[in-house]
Amino acid sequence: MAKNGALFGLIFVISLSIPLSLAQLVPSEARILFRLRQMIEFPPILQHWNRSTEFCNDSVSPFLTVLCSENRVTQFVLIGNKSSTSVSAMNFTATEQTLSQSFSSDAFFTTITKLTSLKSLSLVSLGLWGPIPTKIDRLKSLELLNLSKNYFFGDIPSTITNLKSLKSVALAENSLNGSVPDLTKLGNLEELDLGRNLLGPEFPSLGTKIVNLVLKNNSFRSQIPSTIARFDRLQRLDVSNNEFNGVVPDALFALPEINQLNLAGNALSGALSMESQCSERLEFVDLSNNLLTGGMPMCLNSNSSRRTVLFSGNCLMAGEIDYQHPASFCHEKPLSVMPPIQLEKKNGKPKPKLGLIFGAVGAVVGGVAVLVLLVLAVVPRLRRRKTPNKAVRTISISNKASVDARLAPTDTSLGVLGLLPYHIFSFEDIEDATNSFEQSNLMEDGSHGQLYKGWLRDGSMVVVRCLQLKQARSHQSLARAMESISKLQHQNLVSIVGHCIGSEVQEPNNKASNMFLVYEYTSNYTLKSLLTGKWNRTINSVLLLVYGSVHNYLLISLAEQRRQDPLKWQQRMSIITGVAKGLQFLHTGTSPGMFGNDLKVENIMLDDNLSTKINSYRLPLVSLIGSACSGPLRSGELNYPTHGEKEDIYQLGIVLLEVVTGKLITSQSELEVKITQLQQSLTGSPSKLRELADVHGTFSLDSLRNTIEIAFNCLSKQPSERPSIENVLWNLQYSAQLQEGWTPNGESFSRQSYSSI
């Protein structure tokens with residue numbers, strides 16, 4: 001699958017076309033910048049600005065950039081740390097994630113349009129809210145506009161079409177609604193990202209120079225126009241999760257530059273032409289969960305290793321029939337949620353089949369509740385060195401004067417809600433966080449490296465890990481590795497929130513450079529401790545003594561309580577699904593995928609809401625790290641195993657059985673005995689299954705059986721027979737739907753249910 005370099009490459013062309021000036025900014029524009037800082041309520045990243053700041057010569061970073069030409073601002077990048085959710089203009093109320101009620105988008109844009117030479121403007125995750133005013137067309141020189149991840153609502157102003165120089169527009173993850181204005185007047189537009197808004201219903205009108213087009217997760221309900229055949233420069237099209245209908249234009253697959261094509265989750269229907277041609281550049285196609293019939297074009301039906309094609313959840317006569325609906329399904333009105341795939345035992349072996357969730361119940365499945373993650377901040381209470389209150393400053397590894405103004409990803413399908421934004425820290429920041437590496441802050445000094453607890457200046461608690469870089473390393477390799485690490489943020493991972501290359505840091509007998517990785521802080525409450533009820537009381541005492549945190553006291557009390565209050569099946573399903581989502585991100589959310597992740601119950605962390613986070617996964621640093629700062633690293637931790645994907649699936653199968661049975665599996669013989677017992681129980685009486693499964697309260701027997709069969713598939717002896725992580729996650733979500741739809745009176749997705757005594 002092609003990398004997304006093309007999507008983000010345009011900014012470098014723009015930046016290189018802007019000559020840099022070493023002179024100071026003209027006073028009027030400096031005053032404008034100070035005024036903007038005031039209007040967005042003094043974000044921490046701008047606290048270092050003062051009257052002596054040389055804006056045009058200030059450090060360039062992915063989060064703050066001011067570039068100038070002829071003493072005037074030409075590029076302004078500001079990326080904050082506020083999350084975005086959908087809001088309504090009718091009942092909008094300011095929250096902690098938005099600017100205050102006194103903020104005025106009209107006044108803000110009035111001020112910013114006074115930067116008359118501005119060519120590139122990126123204001124991301126700042127909590128900006130309100131309508132985008134029509135006066136935005138005063139920025140006549142603008143070539144790049146990125147307002148993603150804010151709270152803008154209302155229409156996209158039609159005056160945006162007056163910005164004739166625009167090449168890139170990103171308005172993703174706001175609450176914009178209504179029709180997209182006619183953008184054919186923007187003859188230079190190459191990139192448009194409107195994903196995750198409320199826009200629709202018609203496919204937008206665009207010029208033919210478009211290269212990257214993202215419309216996913218909106219309310220588009222039209223056909224994909226046949227005129228898309230004229231988009232001969234289009235490389236990426238993502239219209240997933242809308243309500244597009246009608247046939248798929250044959251020309252889509254044959255566009256000369258097309259590389260990625262995502263049509264999943266719509267209501268596209270009809271048969272694909274068997275004679276359709278595919279571009280040689282086409283590497284990824286997703287047709288899943290539509291209403292397509294007939295066969296697959298030959299160019300999509302091949303087993304080419306260069307091309308990934310996903311097409312499950314249709315009525316196609318291609319691939320495994322178990323992954324397709326019957327033909328009648330695609331000729332009826334589609335359900336609001338396409339049912340996932342169930343696993344059924346055939347001839348004694350687990351095999352996939354279609355889930356039986358059609359009918360009246362299936363039509364209302366769309367209202368699935370969203371779990372809101374509670375972010376608990378621990379206020380630093382330990383000894384802290386008394387230093388001036390400086391803002392955390394981000395420092396770029398690269399010496400380039402220009403950066404990609406859209407480095408903050410606009411795709412949150414990978415899930416970073418509630419996480420700290422990624423920072424490149426200075427060594428001074430690391431010293432401040434750990435109180436100059438004070439010995440009392442040292443948590444571990446062993447096979448994982450030196451681990452220090454610390455606090456960022458905003459009060460967020462973190463863990464700082466020290467690793468030693470090899471003296472013989474290339475700048476390019478280091479930059480690539482750190483780019484990969486910066487993307488390791490997910491709700492179901494213990495995420496890395498920043499790093500520091502401490503070139504000035506020297507141990508007494510070692511002059512090699514050190515690298516510091518900064519992780520989010522999580523509790524020491526593991527899935528193993530939850531299943532066994534063995535919460536380490538020594539750790540309890542240390543946590544209470546060191547952190548003095550009510551949160552930790554409540555967490556400990558929760559652990560003690562759950563030893564006497566076993567988990568319900570719904571809770572176990574939530575835990576299992578969270579683990580699978582984290583593993584899916586490691587396998588498919590990074591490039592290259594990260595496999596061989598030592599997935600064990602002791603490496604799965606839990607918070608007091610039972611949200612899961614995978615710890616101790618592998619890092620892409622094998623060629624760069626010589627050792628931990630204090631000695632050798634744990635064997636194999638920093639490299640990629642050659643064939644680790646199916647090993648991860650196998651380990652996930654073990655975790656599934658441990659969660660189902662509530663008992664740890666410590667040997668291969670124990671595993672084989674457990675599999676045999678469970679296989680026999682699936683064909684026996686429900687009481688036998690209850691004896692083996694550690695499930696309490698009422699639950700759907702079909703949901704339990706389905707989950708056990710998923711585990712059996714994961715534990716297939718032949719790696720090639722084990723499912724992909726997408727297949728596992730899909731079926732786990734189906735098991736959850738079986739449970740959610742079950743009621744004691746028998747009104748269920750399933751045909752059988754069971755209530756434990």
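Taking both residues in full, the closest heavy atoms of F76 and L36 are given as CE2-CD1, 4.2 Å, listed atom of the first, atom of the second, then distance. Heavy-atom minimum distance, Q75 versus V77: NE2-CG2, 3.6 Å. The two atoms that bring G582 and I614 nearest to each other are C-CD1, 3.8 Å, heavy atoms only. Closest of all the heavy-atom pairs between N150 and L126 is OD1-N, 3.0 Å. Nearest heavy atoms, N603 versus D598: ND2-O, 3.0 Å. Closest approach of V26 and R72 over heavy atoms only: CG2-NH1, 4.0 Å.
Considering only residues two or more places apart in sequence or on other chains, F34 meets the ring-ring contact (aromatic ring centres under 6.0 Å, His included) condition with F55.
Side-chain atoms of N597 and D648 form a donor-acceptor pair, as typed in the model, at a separation below 3.5 Å. One side chain, S440 or E438, offers a donor N or O that lies under 3.5 Å from an acceptor on the other. For the 3.5 Å distance criterion, the side chains of S168 and E143 fail to qualify, holding no donor opposite an acceptor.
Aromatic ring centres of H499 and F516: separated by at least 6.0 Å.
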Before giving the answer on side-chain hydrogen bond (donor to acceptor under 3.5 Å, both in side chains), spell out for E41 and S100 the whole-Å C-alpha distance, their side-chain angles and the decisive distance to 0.1 Å.
-> CA-CA 8 Å; E41 299 170 8; S100 68; 2.6 Å; yes

Take L25 and N71 through the test side-chain contact (heavy atoms from CB on, under 4.5 Å) and record every step on the way to the result.
-> CA-CA 5 Å; L25 194 64; N71 306 332; 5.5 Å; no

Which is it for L46 and L64 under the side-chain contact (heavy atoms from CB on, under 4.5 Å) test, yes or no, and what are the steps along the way?
-> CA-CA 8 Å; L46 301 184; L64 174 62; 3.7 Å; yes

Decide yes or no on side-chain contact (heavy atoms from CB on, under 4.5 Å) for N441 and W455, but give the supporting numbers first.
-> CA-CA 10 Å; N441 288 336; W455 289 265; 4.2 Å; yes

Worked check of side-chain contact (heavy atoms from CB on, under 4.5 Å) between L121 and N146 = CA-CA 6 Å; L121 175 63; N146 186 355; over 6 Å; no

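Between E520 and K613 there is a salt bridge, since at least one side-chain N of the basic residue sits less than 4.0 Å from a carboxylate O of the acidic one.
Two residues are said to be in side-chain contact when any heavy atoms from C-beta on lie closer than 4.5 Å; V494 and Y521 fail this criterion. At least one side-chain heavy atom of I45 sits less than 4.5 Å from a side-chain heavy atom of L78. For the pair L442/T434, no side-chain contact is recorded, criterion being any heavy-atom separation below 4.5 Å from C-beta on. Side-chain contact between I725 and L586: absent, with no pair of heavy atoms (C-beta onward) separated by less than 4.5 Å. Counting heavy atoms from C-beta on, the side chains of I430 and V518 come closer than 4.5 Å.
In this structure, H587 NE2 and E645 CD are separated by 6.0 Å, a value rounded to the nearest 0.5 Å. One distance of note links CD of Q97 with OG of S125; it measures 9.5 Å at 0.5 Å rounding. If you take OH on Y519 and CG on L517, they are separated by 5.0 Å, rounding to the nearest 0.5 Å. In this structure, L729 CG and T577 OG1 are separated by 7.0 Å, a value rounded to the nearest 0.5 Å. Taking CD1 of I32 as the reference point, atom CE of M39 lies at 11.5 Å (rounded to 0.5 Å). Atoms CD and CG, on E29 and L118 in that order, are 8.5 Å from each other to the nearest 0.5 Å.
Between the side chain of R37 and the backbone N or O of W49, at least one donor-acceptor pair lies under 3.5 Å. Looking at T98, its side chain never comes within 3.5 Å of a backbone N or O of A94 through a donor-acceptor pair. One N or O on the side chain of S495 and one on the backbone of H490 form a donor-acceptor pair closer than 3.5 Å. Looking only at distances, a side-chain donor or acceptor of W129 sits under 3.5 Å from a matching main-chain atom of L99.
For K581, the NZ atom is loosely surrounded, since the number of other residues' heavy atoms within 6.0 Å does not exceed 12.
If you run ring pair (Phe, Tyr, Trp, His ring centres under 6.0 Å) between F103 and each of F152, Y151, F108, only F108 comes through.
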